[in-house]
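Notes for the one structure printed next.
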Amino acid sequence: MSSQKLDQYLQPSAEDQRKEETLEKKRLVYVPETPENLPESFFIGIGYDGERHSAFIKLYEPTRRKIYHWYDNTNHKPYCLSDQSVEKLNENQSLMAHTGLDHLEAVRKYDALRDQEIDATMIVARDPLSIGGRPIGCIRDIVKAWEADIKYVENFIYDRRLEPGMPYRISGGQLVAAEYEPSADALRAVEEFLENESEEYRALAHEWIRLLECPVPEFRRVALDIEVYSPIATRLPDPREAEHPVICASLLGSDGKMRLLLLKRAGFELEEELPEINVKPEYYESEEKLLVELFKVLLNYPIVVTFNGDDFDLRYLWHRAQRLGFGADQIPIEMGRDVASLKYGIHVDLYKFFFNRSIQIYAFGQKYREVTLDEIGESLIGMGKKEIEAPVSDLNYGELATYCFRDAEIVLKLTSLDDDLIMKLMTALSRISFMTIEDVTRQGVSGWIRSMLYNEHRKRNYLIPRPDDILDLKGMTVTEAVIKGKKYKGAIVVEPVPGVHFNVAVLDFASLYPSIIKNWNLGYETIRCPHEDDLCRNNIVPGTPHWVCKRQKALESLLIGSLRDLRVNWYKPKSRDKKLSQPLKSWYNVVQNGLKVILNASYGVFGADKFALYCPPVAEATAAIGRYAITETIEKAKSLGVEVFYGDTDSIFLGSPNPSQLEQLVDWSRSSLGMELEVDKNYRYLALSSRKKNYLGVYPDGSVDIKGLTGKKRHVPQFLKKAFYVMIDILSQVKSEGEFEAAKEKIKEIVKDCYLKLKRHQYPLEELAFSVMISRSPGGYVKTTPQHVKAALLLVQRGVEVKPGDLIAFVKVVGEPGVKPVQLASSDEIDSTKYMEYISSTFEQVLDALGTEFEELVGITKLESYFASGEEG
DNA sequence: GCGGACTGCTTACCT
DNA sequence: ACAGGTAAGCAGTCCGCG
């Protein structure tokens, strides 16, 4: 059936329209009332009720596995702060005339930027939008205000000292924190490794232990995926228009319940049994009934998990339901500008979470390279999307259902992987950042750190500074970056000593930057502090004119420092402790990973201009101290008679150090720098070329570290990658200097084999394809048109949709423009010469280190002439 | 009009 | 919307060249 005809059929008939009008208009959305009493339940979500002018929190009760809402009954109100007195503000006509103003209240605050107590006025409003959020006429536009850009629900969390992810009870209508005491074991250990720290520091560490030791419940959840009819196969349906019907919905619960809802359509045969999946399909005569049923399921689960539900599934459902005449109280979805949330439970969009670069790199170690359900599913749980031959709209019921169901299955399995690791990671991050799971999964690491610091400010009655005040007082940077356009000088990379070095030890500083922030008391408060006496002014950061305060403590230093210490001394060792049970070990691993993500970003955020506590001198000072630490350490190593072959940021590669030399170096670092230097790894041998960030390290057991070499980069064609790894395999077996000659002979064979296969077109086109990510839409490249964009433009010409983030697979061909998308190319137009160049440069990186010229090894000139006179053209 | 030297853009990587 | 440093390949520009 043609798409056109089908679309016509899908227009509602007169009879359908009558049915629609008689659709039961009962209130569908169940909003749970606050119970008078509720046993231990976890605070996982938050919302603001505009009608009741009140925040409410969503509590997950783990026995009944249901959500309960608790409405604020403490009369918390939105507010911002002014440095003017109440009397002065009373004279401000526009403020006093503002309909949203509730009242003014004099308060004392501590201004950390100036290190003094100040008088301020709380401007209390009736609703959050009056403070800020409307395009015009907000209170924050009338008076210079502090703390006016913080979301109301965040203010509510900080002010009421609430802890997202932690257990609470409702007792006689009141919300009370459920007491949780960490194990004596944990408390004792923390006391031990923090014995030399201040009282204040130890108290903070205790708080973290309480938050991070507390068990996480099992979360009942449902994975949702929908399919929508589209008349044009290559175009995705627009969720804001929601023009076409929802034809299939899959719902997979962690409780084992499964639903598969299908819309009956003319021209397709009903299939009652779906052999591929073990679920009975439900056919619906009308889309309304399908949606009603779907909404009922959404209202039954505390957590709904989607992949891109914010921008597609839930958004589409919301608009579609509106279009079909559902009333607001019949749709269980709350639609924001960028977020789709739920009225009853919470919505986790895995796409947003996996998209987070820090999560991708540090939590999942680059296991997935593209942020697509197929790639993530394939690499984390070994389950990719179902392949389909035709557009979704043309599939028969069975194929459509299996396709849709598989997506939901991947989503559910991702959240269940490794004993619900992802749910636990979200909870851990939620507790560290004082944000709900819904927010933590949608914000970047700078948002988490901001929230963590804001919370501590409130806890201590600190005024949260305005970004312009920080910048005015602390200024910009003074060092010059190596890279044009960067703000300040970063880390040092030591010039490598080319060659093969046997018996190499790699030493590094245990979380260098967080250690620096801790030891040097760095923070926006303390860098270039206001005190004018020598005590502070003489405490100079090496290589900069910046001084650091000796009088007050920076919150950043306390928080980042205590998290660092807990990770290094407690969570990381515990995650490897063989005496612990598997679930406990995996929880410790989750926490240490969460901490890693946050600590890794903890320095960078201060140099990121969108960070709420942006303070360039803090970032600059951190990097400068890092440079100082590594250069001093290199000098010390040399003075001990140890050769330094290479180093990058926080590591040094040492040639055959003896135990005594290592010990002296480590001791020196502890006493002179106050930094923990440790042996990270030992290599049987290390192959260095003259290129920085580029090496091959072989461990005693024959496993290898490959860093920066082209052969391992994502975009490199398969055939070359395979050849490269065969070479690596040969090299990994080399045990002594003398064995390199034989290895080189073998490598020579690989390369020759590669050449010949290339020449004879023996590689399938797919193996010859470069695959490069396109970071904008193809039209967005105005300065230059790189090759992958040229290929993408050829695809677009043929009606293929190309979105930012897509991988473009292209091959190099003879003639203009030199590239073609792999789908459009044929074997005989491959530009063999270009590929030869690529092979040689890839191998050269390693051969350089072995002191061998590529040409000399392979005798390239002969081959080239063979090519030139050969069967080409 | 063409080619080499140069700069800048883009991607992927390292810490 | 964490940072800066490095490698590689290519696109585009400038300049000299009878």
Side-chain angles (χ1 to χ4, degrees), chain A residues 355-359 361-362 366 369 442-450 477 479-496 506 508-509 511-514 517 560 596-616 618-624 626-627 630 646-653 680 689-695 705-716 770-776 780-790 792 805 807-808 812 817-819 834 837-838 840-842 844-845 848:
Chain A
F355 192 81
N356 186 315
R357 288 284 291 168
S358 302
I359 291 295
I361 295 168
Y362 300 118
Q366 297 259 42
R369 305 292 189 102
R442 286 172 177 80
Q443 295 213 18
V445 55
S446 72
W448 308 342
I449 296 174
R450 171 188 52 81
T477 49
T479 55
E480 200 188 328
V482 171
I483 306 171
K484 210 187 273 183
K486 298 288 184 184
K487 292 183 285 264
Y488 59 91
K489 199 175 186 63
I492 284 178
V493 187
V494 180
E495 199 66 53
V506 181
D508 68 2
F509 292 105
S511 16
L512 175 72
Y513 290 147
I517 291 171
I560 293 165
K596 175 165 81 179
V597 171
I598 288 179
L599 291 170
N600 271 326
S602 63
Y603 131 82
V605 292
F606 294 107
D609 58 8
K610 295 292 182 292
F611 180 56
L613 298 171
Y614 174 51
C615 187
V618 169
E620 182 177 41
T622 312
R627 290 195 299 276
I630 190 171
Y646 178 61
D648 187 347
T649 311
D650 62 352
S651 64
I652 51 171
F653 291 55
D680 180 36
S689 70
S690 56
R691 299 166 187 81
K692 294 171 172 182
K693 298 185 187 284
N694 229 290
Y695 61 82
D705 266 350
I706 303 164
K707 298 293 178 181
L709 301 179
T710 302
K712 97 170 212 192
K713 293 195 176 181
R714 173 173 66 186
H715 67 275
V716 168
F770 290 82
S771 125
V772 176
M773 182 171 291
I774 188 161
S775 64
R776 318 173 198 155
Y781 292 79
V782 280
K783 288 173 177 143
T784 58
T785 312
Q787 296 196 323
H788 65 295
V789 179
K790 286 185 177 144
L807 283 184
I808 308 297
K812 306 218 177 198
V819 291
K834 271 268 169 290
E837 284 169 17
Y838 228 92
S840 78
S841 75
T842 303
E844 206 133 53
Q845 288 186 335
D848 265 4

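Chain naming here is simple, since letters A, B, ... match the order of the sequence lines and numbering starts at 1 in each.
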Whole angstroms only, please: what is the [atom1]-[atom2] distance between [X] and [N]?
{"X": "A/Asp848", "N": "C/dA8", "atom1": "CG", "atom2": "C1'", "value": "14 Å"}
{"X": "A/Ile706", "N": "C/dA7", "atom1": "CD1", "atom2": "P", "value": "19 Å"}
{"X": "A/His788", "N": "B/dC9", "atom1": "NE2", "atom2": "C1'", "value": "11 Å"}
{"X": "A/Asn694", "N": "B/dC13", "atom1": "CG", "atom2": "P", "value": "12 Å"}
{"X": "A/His715", "N": "B/dC9", "atom1": "NE2", "atom2": "P", "value": "20 Å"}
{"X": "A/Arg627", "N": "B/dT15", "atom1": "CZ", "atom2": "C1'", "value": "14 Å"}
{"X": "A/Phe611", "N": "C/dA3", "atom1": "CZ", "atom2": "C1'", "value": "12 Å"}

Side-chain N or O of A/Lys783 versus OP1/OP2 of C/dT13: is the shortest distance under 4.0 Å?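 Checking C/dT13 against A/Lys783, no side-chain N or O comes under 4.0 Å of OP1 or OP2.
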Looking at A/Ser446, does any N or O in its side chain come under 4.0 Å of the phosphate oxygens OP1/OP2 on C/dC2?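 A/Ser446 to C/dC2 OP1/OP2: side-chain N or O found under 4.0 Å.
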Aromatic ring pairing A/Tyr513/A/Tyr603, orientation class (parallel under 30°, perpendicular over 60°, tilted between):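 Tilted.
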Where A/Lys692 and A/Pro496 come nearest, the two heavy atoms and their spacing: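 Scanning both residues, the minimum pair turns out to be CG-CD, 3.8 Å.
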Which atoms form the tightest heavy-atom contact between A/Ile560 and A/Pro514, and what is the distance?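 Minimum heavy-atom contact is CG2-CB, 3.8 Å.
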Over all strands shown, is [X] touching base, sugar-phosphate only, or nothing at heavy-atom distances under 4.0 angstrom?
{"X": "A/Ser775", "result": "sugar-phosphate"}
{"X": "A/Tyr695", "result": "sugar-phosphate"}
{"X": "A/Ser841", "result": "sugar-phosphate"}
{"X": "A/Arg776", "result": "sugar-phosphate"}
{"X": "A/Arg369", "result": "sugar-phosphate"}
{"X": "A/Ala619", "result": "nothing"}
{"X": "A/Tyr513", "result": "nothing"}
{"X": "A/Lys610", "result": "base"}
{"X": "A/Thr785", "result": "sugar-phosphate"}
{"X": "A/Phe606", "result": "nothing"}

Would you call A/Asp848-A/Arg691 a salt bridge at under 4.0 Å N-O?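 Counted as a salt bridge, because a side-chain N and a carboxylate O are separated by less than 4.0 Å.
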One thing to verify: whether A/Lys693 and A/Asp648 come together as a salt bridge, which I'm taking to mean a side-chain N less than 4.0 angstrom from a carboxylate O.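 Counted as a salt bridge, because a side-chain N and a carboxylate O are separated by less than 4.0 Å.
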Polar pairs (N or O, both sides) under 3.5 Å between protein and nucleotides 4-6 of chain C?
{"unit_1": "C/dG4", "atom_1": "OP1", "unit_2": "A/Lys487", "atom_2": "N", "d": "3.3"}
{"unit_1": "C/dG4", "atom_1": "OP2", "unit_2": "A/Lys486", "atom_2": "NZ", "d": "3.3"}
{"unit_1": "C/dG4", "atom_1": "O3'", "unit_2": "A/Gly490", "atom_2": "N", "d": "2.9"}
{"unit_1": "C/dG5", "atom_1": "OP1", "unit_2": "A/Val482", "atom_2": "N", "d": "3.4"}
{"unit_1": "C/dG5", "atom_1": "OP1", "unit_2": "A/Gly490", "atom_2": "N", "d": "2.9"}
{"unit_1": "C/dG5", "atom_1": "OP2", "unit_2": "A/Val482", "atom_2": "N", "d": "3.3"}
{"unit_1": "C/dG5", "atom_1": "OP2", "unit_2": "A/Ile483", "atom_2": "N", "d": "3.2"}
{"unit_1": "C/dT6", "atom_1": "OP1", "unit_2": "A/Lys692", "atom_2": "NZ", "d": "3.0"}

Can you identify which nucleotide, out of C/dC2, C/dC10, B/dT11, has its nearest atom closest to the A/Tyr781 side chain?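 Looking only at heavy atoms from C-beta outward on A/Tyr781, the closest nucleotide is B/dT11.
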Closest nucleotide among B/dT11, C/dG9, B/dT15 to the A/Lys707 side chain: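 Among B/dT11, C/dG9, B/dT15, the one nearest the side chain of A/Lys707 is B/dT15.
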Under the side chain to side chain contact (heavy atoms under 4.5 Å, CB included) test, which residues partner A/Thr842, sequence neighbours left out?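 Residues passing side chain to side chain contact (heavy atoms under 4.5 Å, CB included) with A/Thr842: A/Thr710, A/Leu720, A/Phe724, A/Tyr838.
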Side chain to side chain contact (heavy atoms under 4.5 Å, CB included) involving A/Ile630 - partner list, sequence neighbours excluded: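 Partners of A/Ile630 under the side chain to side chain contact (heavy atoms under 4.5 Å, CB included) test: A/Ile492, A/Ile634, A/Ile652.
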Along DNA chain B (nearest heavy atom to each residue), the more 5'-positioned of A/Lys484 and A/Gly708: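 Per heavy-atom nearest nucleotide, the more 5' residue is A/Lys484.
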Are side-chain N/O atoms of A/Thr479 and A/Glu620 paired as donor and acceptor at under 3.5 Å?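 Checked: A/Thr479/A/Glu620 side chains pair up, N/O donor to acceptor below 3.5 Å.
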